[in-house]
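Inspection log for the structure reproduced underneath, given as structure tokens.
Just so you know, ligand 1 is whichever comes first in the structure, and atom 1 is the first atom listed for that ligand.
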Amino acid sequence: MSDNPQTDENATQTPVDGEKMVFQAEVNQLLQLMIHSLYSNQEIFLRELISNGSDACDKLRFEAIEDSSLLEADTELRMTISVDEDAKTVTISDNGIGMNRDEVIANIGTIAKSGTKQFLESLTGDQKTDAKLIGQFGVGFYSAFVVADSVVLKTRKAGEAADQGVQWTSDASGGYTLAAVDMAERGTQITLSIKEDASEFINAHRLRGIVKKYSDHITFPIMMMGEAPPPPPPAEGEEEADVVAEQAKLEQVNAASALWTRPKSSIKDEEYQDFYKQVCNDYEDALTWSHNKVEGNQEYTSLLYIPKKAPFDLYDGNFRNNGIKLFVQRVFIMDEAEKLMPRYMRFVRGLVDSNDLPLNVSREILQGNKIIDAIRGASVKRVLGMLEKLAEKQPEDYDVFWKEFGACLKEAPGEDFGNKEQVAKLYRFDTTNAEKAGELTGLDDYIARMKVGQDKIFYITADGYQAAKNSPHMEIFRDKGIEVLLMHDRVDEWMMSYLHEYSEKSFVSIAKGDLDLTAIEGVDAESEEDKAEKEKKAADVAPTIERIKTVLAETTSDVRVSTRLTSSPACVVMGEHDMALHMQQLLKQAGHELPSTKPVLEVNPTHPILDLMDKEQDDDRFGDWAHLLLDQALLADGGQLEDSAGFVKRMNEMFLALTSTSDK
Ligand code: ADP
């Protein structure tokens with residue numbers, strides 16, 4: 001965070017006592033929002049500050065692996081909470097890494113995180129929703145102002161001299177002051193002057209309860225004075241002895257057990273859920289989880305959770321995948337889930353604790369590391385197994401999962417060739433078999449319903465459910481009762497370019513390539529007469545098709561008789577390996593250059609328009625008909641017309657011509 005430009009702008013070389021600094025505009029906005037949106041959930045300030053303290057201890061423990069002198073003589077990392085009823089203050093301190101002056105400015109006066117703007121924009125004004133967003137976003141420190149009028153933060157960085165302490169003071173009214181202070185102990189101490197409407201928090205018993213509720217599993221001890229009656233006030237000159245007496249009464253409030261190290265059978269569901277909420281910073285329970293201890297060649301434990309809700313920026317290109325924490329022998333190392341999970345599983349949260357990696361493992365070492373690769377491979381299988389089980393045993397929960405994260409899984413075929421089949425098993429799609437949108441089906445169920453002789457999985461991609469369902473390509477399938485999967489997510493077209501088969505059945509887009517349904521029972525059960533009739537129609541229409549071909553030579557690659565249409569006059573068909581029209585449209589709008597692929601125009605010889613065209617002697621009028629045929633087929637397929645005004649003009653002329661003929 002120290003690379004934030006604000007640091008350079010605001011930093012001066014020597015700390016000046018009482019120096020006034022102005023908050024970055026976003027901080028102000030955020031502060032005001034927090035104060036107003038979180039007043040019904042004030043207690044979370046403690047969780048947030050403890051979580052920061054715990055991170056600071058983690059950071060120091062990690063850095064001390066390389067340089068143990070950083071710990072000075074104070075090797076037991078911990079947090080302490082104290083209450084001063086007279087002064088109406090609560091103080092939360094940690095002996096973690098601490099901050100130097102520049103870091104205080106960079107971290108506490110600005111929001112250096114990318115995506116802050118987005119976060120602010122995504123706030124709804126609804127307290128409950130916003131509180132969740134704030135939790136997800138983890139803008140923790142400022143939550144202090146939900147309960148405090150003013151906050152004094154004193155901090156001294158590990159490894160620096162006692163006179164390098166910094167004091168930061170703010171009453172949330174637009175800015176803060178900095179001052180140099182002496183601090184004998186490293187770490188950070190935050191003193192909150194509690195607001196009148198939050199006086200319930202000037203109470204050790206209440207704070208204890210909050211710690212138990214939210215921070216029980218924090219792996220560092222959280223200390224508070226015991227609940228025994230307070231010691232008598234010290235007589236003068238007794239300070240030294242008194243401090244010793246007080247220290248002796250500090251008690252650990254949290255259980256601080258690394259939950260994942262306990263045997264599965266000893267952990268209640270509720271404990272798993274509490275742990276999830278604390279470690280993964282979620283307000284809601286997880287949907288499901290998987291806890292595994294692996295022994296043998298490799299020793300590690302993984303505890304992986306599937307959340308109920310997707311973070312608001314999950315589908316952003318810049319989404320940082322830090323849902324999985326890496327521990328080595330119970331020591332937190334880093335949030336570097338990118339190495340532990342493929343991108344398409346960026347929704348998974350939890351942790352991996354390895355016994356084999358060295359404690360001083362760096363990001364560089366993780367890259368291409370055999371141990372990490374093995375853990376990653378096995379974890380992906382675990383997640384897939386967990387989802388399969390969820391789909392089978394708790395289909396309603398699986399629906400929740402699919403709604404939130406399905407689009408992530410659809411990235412898998414392009415990313416994880418080896419697990420394609422297992423991932424595809426988890427897919428759910430709209431289908432022509434269902435009454436309405438949202439009644440999804442899986443591929444196994446589709447296959448189970450396939451007709452005798454059908455060996456392909458038929459699908460269509462479109463930019464919406466209705467467009468897919470009502471596409472002219474669907475006509476023959478509707479007629480013959482052959483089920484078609486309706487894919488209308490943006491990612492579907494891309495996904496299908498990587499997913500060619502499932503369970504040894506190939507996927508076939510009903511809008512692409514040649515269509516041959518004759519092997520399917522019931523499709524070709526036409527009488528000889530019907531067949532002969534069809535062939536005759538096709539022969540009759542051949543000259544018309546030749547004429548259309550000439551007119552549309554520039555814009556189509558071929559014109560032919562359709563086997564798909566039963567009621568529409570025409571449709572466009574893309575080559576088997578071409579991108580669907582609606583997708584081409586989308587990419588073009590986004591500024592991508594695409595090779596132009598000309599569609600095939602298929603016409604329905606039984607449609608009366610073809611008869612009319614056959615009789616049309618006037619070449620100009622015939623040209624208009626041909627263009628109309630192509631344009632309406634493009635429109636029905638979600639394409640956009642290059643000359644939509646021309647289309648409308650031709651259509652109107654045609655109307656008028658038809659009415660005048662019928663008047664005669
Ligand atoms: P987050 O913790 O999500 O990064 P915060 O606003 O809570 O957001 O904190 C901003 C930054 O301030 C932290 O990332 C950390 O660098 C620093 N910070 C906050 N509290 C402490 C602390 N107790 N000790 C050291 N650094 C801290």
Side-chain angles (χ1 to χ4, degrees), residues 1-4 6-7 21 23-24 26-31 33-35 38 44-64 70 74 77-81 90-116 119-120 133-148 151-160 164-168 170 172 176 178 183 185-192 214-215 218 220 222-223 278-282 311 313 320 322-323 325 332 334-335:
M1 286 195 184
S2 47
D3 56 355
N4 190 288
Q6 288 280 335
T7 316
M21 313 291 270
F23 282 139
Q24 192 193 20
E26 277 93 344
V27 175
N28 255 328
Q29 202 183 343
L30 193 64
L31 269 174
L33 265 163
M34 286 257 197
I35 295 167
L38 285 181
I44 63 147
F45 81 94
L46 192 59
R47 182 195 67 184
E48 296 296 321
L49 296 180
I50 287 177
S51 156
N52 282 350
S54 167
D55 287 350
C57 291
D58 268 331
K59 278 184 204 156
L60 178 57
R61 184 158 67 174
F62 184 59
E63 291 198 4
L70 288 175
D74 186 10
L77 296 166
R78 67 186 173 278
M79 280 158 275
T80 312
I81 302 172
V90 171
T91 301
I92 296 118
S93 38
D94 66 74
N95 60 350
I97 189 86
M99 286 176 272
N100 62 27
R101 187 174 180 283
D102 284 353
E103 287 168 336
V104 170
I105 296 170
N107 296 335
I108 307 288
T110 60
I111 303 177
K113 274 204 200 80
S114 60
T116 306
F119 164 72
L120 289 168
L133 281 173
I134 285 168
Q136 272 184 16
F137 203 72
V139 274
F141 174 77
Y142 304 100
S143 66
F145 289 101
V146 174
V147 295
V151 175
V152 179
L153 172 145
K154 285 190 200 172
T155 183
R156 199 257 288 168
K157 187 151 184 169
E160 296 195 355
Q164 293 299 302
V166 188
Q167 175 169 314
W168 178 102
S170 173
Y176 58 93
L178 285 183
M183 273 182 83
E185 296 197 337
R186 65 148 194 272
T188 303
Q189 180 185 325
I190 298 166
T191 301
L192 313 175
Y214 294 110
S215 311
I218 293 281
F220 299 99
I222 301 169
M223 313 297 289
Q278 285 167 32
V279 172
C280 304
N281 228 321
D282 200 344
D313 54 350
R320 214 187 134 235
N322 59 1
K325 294 180 195 297
F332 172 75
M334 62 183 93
D335 291 311

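- Under the 4.5 Å side-chain criterion, counting only non-hydrogen atoms from C-beta, L192 is in contact with L49.
- Ring planes of Y142 and F23: perpendicular class, angle over 60° (limits at 30 and 60°).
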Inset, instruction - Check step by step if side-chain contact (heavy atoms from CB on, under 4.5 Å) holds for L46 and I81. - result: CA-CA 10 Å; L46 192 59; I81 302 172; 4.1 Å; yes
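- Taking any N or O of F141, backbone or side chain, at least one lies under 3.5 Å from an N or O belonging to ligand 1.
- For N107, heavy-atom contacts with ligand 1 shorter than 4.0 Å involve the backbone as well as the side chain.
- Polar contact check, Y142 against ligand 1: no nitrogen or oxygen pair lies under 3.5 Å apart.
- Contact annotation: for L49 versus ligand 1, there are no heavy atoms closer than 4.0 Å.
- Near I108, meaning under 4.0 Å from one of its heavy atoms, ligand 1 places the atoms 12 (O).
- Side-chain contact between F141 and N107 is absent, with no heavy atoms from C-beta onward closer than 4.5 Å.
- Side-chain N or O atoms of R101 include none that pairs as donor or acceptor with a backbone N or O of L178 at under 3.5 Å.
- Not a single side-chain contact (heavy atoms from CB on, under 4.5 Å) links E185 to another residue, sequence neighbours left out.
- Not a single N or O atom of D55, backbone or side chain, sits closer than 3.5 Å to an N or O atom of ligand 1.
- Evaluated by nearest non-hydrogen atom to atom 15 (C) of ligand 1, the leading choice among E103, K59, M79, K157 is K59.
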